[in-house]
Structures are given as structure tokens and as C-alpha cells.
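Along the sequence shown, residues carry numbers from 1. This is a predicted model, so every value here is computed, not measured. Values reported hereafter were calculated over all heavy atoms of this structure, with side chains retained and with hydrogens, waters and symmetry mates removed.
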Amino acid sequence: MDKEEYRAFFESVYRHSLAHILAKAVIEIYGKENVQYAIGPQIADGFYYDFLLPVGISTEDFKTIEDKMREIIKRRENWVCEELSREDAKALFAGQKFKQELIDDLPEDEKITIYRTGDDFVDLCRGPHISNSQELMNTAFQIRAVSGSYWRGDEKREQLQRVYVYAFLDQKTLKEHLALVKEAMERDHKKLGAQLDLFMFDDTAPGMPYWLPRGWRMYQALLAYSREIQHRHGYQEISAPLISKKKLWLISGHWAHYVNNMFMVPGICGWLKADQEVPGVLDNLQEGLAETSTVKLPAGTALFSREVDDAMGAKPMNCPNAMMTYRRTVHSYKELPIRYSEYDVLHRKEKSGQMNGLFRVQEFRQDDDHTFVMESQIEDEIADIISIADEIYSTFGVTYRAELSTRPEDFMGDIEVWNRAEAALKKILDAKYGEGGYEINEGDGAFYGPKIDLQIKDALGREWQCGTVQLDFQLPHNFGLTYQTKEGGMEMPVVIHRAIYGSLERFIGIIIEHFKGAFPFWLSPTQVSVVPIRTAHNDYAKEVADALDRAGIRVEADYADKNMNEKIKASKTMKEPFIVVVGDKEVEQRTVSITVRGQKQQLHDVPLDKFLEICQKLNKERTKDLEGSF
């Protein structure tokens, strides 16, 4: 096999086999009677295994576990796969409750296999695996971390210890990955967000960021850029209510498919006349896992229900509002395409363990658009959307690739319309990227239409799904949307759902890490910091700051009676693009001295008018780099 085939084999087989080695090591260290071992899959950079143990694993234990793993590998034990009956499998794993549950959940006709490593370790596994531990002799691994996890992701179930391990072909590759991890930690948007005073979180609003003045300025710059491009391409911006009655969500289908992910404002059924005890109250809606209790309610308690007609929900998506906006009047084919962009706040409920800084939040905005087209306009409209993605992503210096997801088994609508739509999308992608230049995910489209997802790649080579272009044949049907054709009849439009940033919160998290907090001039929260050497220079410093402000430059000036170097250090900590210093010479000559971020050499005797011109040019052109500005 060639190098890439071997790498793929390593990632799918060797890493999984190393997970078994980890489980065997933990059992040998802590004792078989003390260890409940759950699952241990391979992941992108290694593998993990979940354990229930009587003691906590700490970083001090990592070396002991790693050494035991190496000792086990050196035994060169054979790996043997056996097929068992359900009864024999349950007997073999007697006392291992997680394995018992996994066996019970297997379909009746499922083949049950185990893998033995030597004579003293066995695991329930489909495989495949290596044939002898000596195949792992040259692999390189290192325990990354231990974290808490819930069995099957359910916070009502057992809390386990998840041991994460990096695993690679050799020490060189592991070392390179560890360097990448170190760099990623230095770029962590949560760390930089606090350091640069961009945003914060508070437990009174989980997963809902507070945007601080500096962060909100950057947020507004992103919105302004999006609005500018969309205006050029004929979009009309709308805004709609953030909460709507149940009726709207029933029409859109969200009530049936998404209600448990929505923040609800339940309606009131009435009030209790007397104290009541309500038996059989479930503590969650997960079938088979919920516990019941009796709840005591005092007289006067309001009875709320999301099932009554006046129940309301905070919108998780903008789609229904765009449908209602379109439906308000009769449309002609001459008006299409109609493009409604929207930046309203959205809310989606997430489990607490899934939230992660700006990457996974419960409150966010999207650069959302819903475009209403005739079927004959799909191809041209999506080509235009791809051109917008090209412009935006190139501005941030990121590359991207496209994925096409096609008709799923549970599709809705006319199959011939689906076929034509998919053909149109393929034609666009073929023309843009060439045949085979994009990935096709067969059967992975939404039930209401095929879609194109855009995966951007950041400075560390990590991919993020941001942009999406989705065709929708279902929502126009649900809302009874039509347009008058050239012949005078009525036809249903096709809706294109489109986002380029995706969630602005998530996109900002990505670009914080991509730029390591050193943003392009046009995006920087503060673009110019003005530092007077002494308070005697404050008047001219204010004149400089006012001139920059009038020119549309985001500027801050520090007029405090402090040491100049202290002021400059504070500005450098905030990674500000330009630090302007003014003293006697600058006042006399009406110039500025400039420290450019990332450059040691200070620029002197720059005329103020020239500096203003440069700043305006950087804003207008949205240049990524500061080099060559002067």
C-alpha cells in the first residue's frame, strides 16, 4: 500500500487497536474488579476510552499509563477475533454493565464479535484490528487529557472519565502535531477574546455572549462588509419579530421537528384553585431514561403549557419570517429573484456540555438570506452566491472547498424537480471547480432540497463548515407561496437558503484564531492608537485623533499623565495595527511617527494628511496585510 493508504489504515485500525491497549493498561493498573470500561473509538488525532473508576485519573498518572501501554505492546501478544452468541457474550462480560447494555441494544440479527489481546483481555468490538501487538511497536502516542463524560452523552446517566490519547505513525509526526496543538492553544479564541477585551460570558445567560465595546466594533465591521456586498448583489434587508406564536412554527414544521431545541414562552392554561400534587412528572423527555416524581404545587400556581395556542417560541431560524414577508402580497415572475437578507438574533437550546466559547452558543446572528426564484433561475442565482463566497473568503485569506449533498430517502416534493435541481448544482460546481473537484455526499441533503456546504480552511489547516446554499421545495409549499407566471398562471417559487459567514459568533471565533488576534486593519476594533509623549502634546494628539475619527477610522488616544512606553505597551498588548506617537517634532512639523504592528522600525515624519489617506485606503480595499502600506 502507498503512503496515503497506509496512513488511512493507521487511522482506522492502529488507533482503534491502541484504544484496546489503553483499556488493558488501565485494567492492569487499577484492577479488573475496579474498572468498568465502556467504549474507545478512534478520532481525528488519536483515540479515547471511557472508564468508570473508583479514583480519578490525574496528569501525574499519565506516564504510568503510557509506560504500561508500551510494556503491553512489547509482549507481542496475538489478537484473536471470535464470534459469539448473545448469551455467551453477556456471560463473558458479566459484571461489565456498559458492555451488557451495548449487547442488549444490538439488533437481533447482528453478528457479535469480540477481540482478545493475549490471554487476559477481551473487548466487544466489530474490528478490524491488528493480528499481533508488535505491529504497534513503532507507533507514537501520548495521553492528551482526561475529562468527564456522560454515558451515551446523557447527563442523567453515569459520569465517566474519558482518557484522550494522541496517536500517530511515528515520533516525528507526533512531535509536529504537538507543535500544532501548542500553536492552536496560543490562538484559542476564548483566551484571546478575554485578552483583547472582545467578549465575555456569564452563567446568568449560558452560551449567550456579552459583546464588549471593542468586540462589538469588530462585529459591526463584519456586518457592514456583509451589507455592502449584499447591496451590490441586489439583496434587500428585512427584520422580523424574535418570538412568534405556535401557529407559525406549526406551518413551518419547526414545531414537529425542532421544538425541543427552541426557547419557549408557554401559554397559560389557568391557575390552581387549591394545592395539588401532580404524580408521574418526568425529569426529561428521553424515552426509557427519565425518572418520575410527584410535584407539589400551591394554590394560585399558573399552569403553563406549550401546547396551547398562545404559546410562543424564540426563533431558531429566520426562514418562516422570510416566507411571511414574501406572502404579504402577490408577486409576478418579473420581480424574481427576490432576495431577503436578515441579521436578527436567533436562539437555539444546546446541552451545557456542548457549548464551547463562540463556536457553540445559544444566541447568535447569521448573515442569512432567503431568495425566491423560478426554477429556471436556480443556476444563475447560485453561481452569483458562489461569487460572493469567493469575495468574502478571499478577503479573510482563507481557502474553501465545496460539498454537494443530494436527495435523501425521506425527501419531499417532486423527484423530477429534485433531479433538475441537483443537475443545476452539479453544473455550477463542475464549471467552478471541475469534475471531481468537489465532494458529493449522496443522500445527505435536507429532506426539503439538495445543498452545497462550503468548508473553509484556517491558518492551521483546520476546516470549518461556514457557508451553506440550500434549495427548498417544502417551505414554499407549507406557506402556500406563489408567483404569477408569464402566461398568467400561478406557480410556486423555489427558495434558496444562503449564508456565507454562517453564525457570526462562530465566524468571529474562527477568525480570532486564524489571525491570532492580529486582525487586518479594516477589521481591528481599534485601528489607530494615539500616544502623546507628554501632556503638553495632548492638544495636537487630540487634533490627530479627531481628524482620524472624521475620516471614519476607529481611534483611541491616551491623554493620561503616564510614561509613554507604558501607553505603547498597552496598545501592543491589544495588537493594534498602528500606534501613532506625537511629541515636539511632530507638533512643530504637523506630522506623526508610526509604529506598525509586527515591525521594529518606527516610521518618522509622516505627514498627517498622508497617514489619513493610507488609513482610508486600507479600509476601502480591506487589505489583509499592513506591509507595504507606506
Side-chain angles (χ1 to χ4, degrees), residues 4-5 7-9 11-13 15-16 41-45 126 153 253-254 257-258 261 316-317 319 348 354 359-360 366-371 373 375 378-379 381-390 392-393 398-458 461-475 494-503 506-507 510:
E4 285 307 311
E5 289 174 330
R7 183 180 299 277
F9 180 78
E11 291 174 353
S12 64
V13 177
R15 282 175 173 167
H16 194 184
Q42 68 269 28
I43 53 177
D45 55 4
R126 292 188 180 96
H254 288 88
H257 299 287
Y258 207 77
N261 298 100
M317 302 170 190
C319 325
R348 296 180 189 174
Q354 294 176 330
F359 289 157
R360 193 76 174 263
Q366 292 188 146
D367 60 331
D368 230 345
D369 167 72
H370 296 88
T371 295
V373 297
E375 188 183 331
I378 289 174
E379 189 176 324
E381 190 63 26
I382 292 183
D384 188 62
I385 291 170
I386 297 296
S387 75
I388 293 173
D390 282 344
I392 289 178
Y393 294 151
V398 297
T399 58
Y400 75 93
R401 64 180 180 84
E403 294 181 354
L404 171 64
S405 297
T406 60
R407 184 179 65 248
E409 290 184 6
D410 62 344
F411 75 95
M412 299 187 75
D414 185 338
I415 192 170
E416 290 304 318
V417 175
W418 271 84
N419 290 340
R420 290 194 296 270
E422 288 181 5
L425 296 188
K426 287 179 180 177
K427 183 178 178 181
I428 294 163
L429 295 176
D430 285 345
K432 178 69 178 176
Y433 309 108
E435 290 188 32
Y438 55 93
E439 188 173 326
I440 299 179
N441 300 319
E442 297 288 355
D444 202 33
F447 70 90
Y448 51 76
K451 64 176 181 173
I452 297 171
D453 287 328
L454 305 179
Q455 307 272 356
I456 69 171
K457 183 177 287 189
D458 69 9
R462 301 171 299 184
E463 286 196 331
W464 307 87
Q465 195 270 306
C466 289
T468 188
V469 186
Q470 301 182 9
L471 294 183
D472 190 341
F473 312 122
Q474 190 60 32
L475 273 184
V494 177
V495 169
I496 301 175
H497 304 253
R498 185 238 67 180
I500 306 300
Y501 294 149
S503 158
R506 184 166 178 268
F507 191 78
I510 293 168

Value rounded to 0.5 Å, distance of [atom1] in [X] from [atom2] in [Y]:
X      : Y      : atom1 : atom2 : value
Ile452 : Leu404 : CD1   : CG    : 6.0 Å
Asp367 : Cys466 : CG    : SG    : 9.5 Å
Ile378 : Leu425 : CD1   : CG    : 7.5 Å
Ile456 : Ile500 : CD1   : CD1   : 11.0 Å
Glu463 : Leu454 : CD    : CG    : 11.5 Å
Asp384 : Glu379 : CG    : CD    : 13.0 Å

Taking [X] for its side chain and [Y] for its backbone only, find out whether a donor-acceptor pair lies under 3.5 Å.
X      : Y      : result
Arg15  : Ala44  : yes
Asp472 : Leu475 : yes
Gln366 : Gly502 : no

Decide whether Glu422 and Thr406 meet the rule of one side-chain donor and one side-chain acceptor closer than 3.5 Å. no
Among Lys451, Gln470, His370, find the one that has a side chain to side chain donor-acceptor pair (under 3.5 Å) with His497. His370
Considering all heavy atoms of both residues, which atom of [X] and which atom of [Y] are nearest to each other, and what is their separation?
X      : Y      : answer
Pro450 : Ala421 : CG-CB, 4.2 Å
Asp414 : Glu416 : OD1-N, 2.8 Å
Tyr433 : Ala402 : CE1-CB, 3.8 Å
Pro316 : His254 : CG-CD2, 4.3 Å
Arg506 : Phe359 : CD-O, 3.5 Å
Ile386 : Tyr400 : CG2-OH, 3.7 Å

Working note: Glu439 + Gln455, criterion side-chain contact (heavy atoms from CB on, under 4.5 Å); need CA distance, chi angles, decisive distance, verdict. CA-CA 11 Å; Glu439 188 173 326; Gln455 307 272 356; over 6 Å; no
Taking NZ, NE, NH1 and NH2 as the nitrogens, is one of them in Asp430 or Lys426 under 4.0 Å from a carboxylate oxygen of the other? no
With a 4.0 Å cut-off on N to O distance, would you call Arg498 and Glu381 a salt bridge? no
Could you go through Val398 and Ile510, starting from their C-alpha distance and side-chain angles, then the distance that decides it, and tell me whether this counts as side-chain contact (heavy atoms from CB on, under 4.5 Å)? CA-CA 11 Å; Val398 297; Ile510 293 168; over 6 Å; no
Are Trp464 and Phe507 close enough that their ring centers fall under 6.0 Å? no
Is there a side-chain contact between [X] and [Y], using heavy atoms and a 4.5 Å cut-off?
X      : Y      : answer
Val494 : Thr371 : no
Trp418 : Phe473 : yes
Glu403 : Ile440 : no

Does atom NZ of Lys457 have more than 12 heavy-atom neighbours from other groups under 6.0 Å away? no
Within a reach of under 6.0 Å around CZ of Arg401, are more than 12 heavy atoms found that belong to other residues, nucleotides or ligands? yes
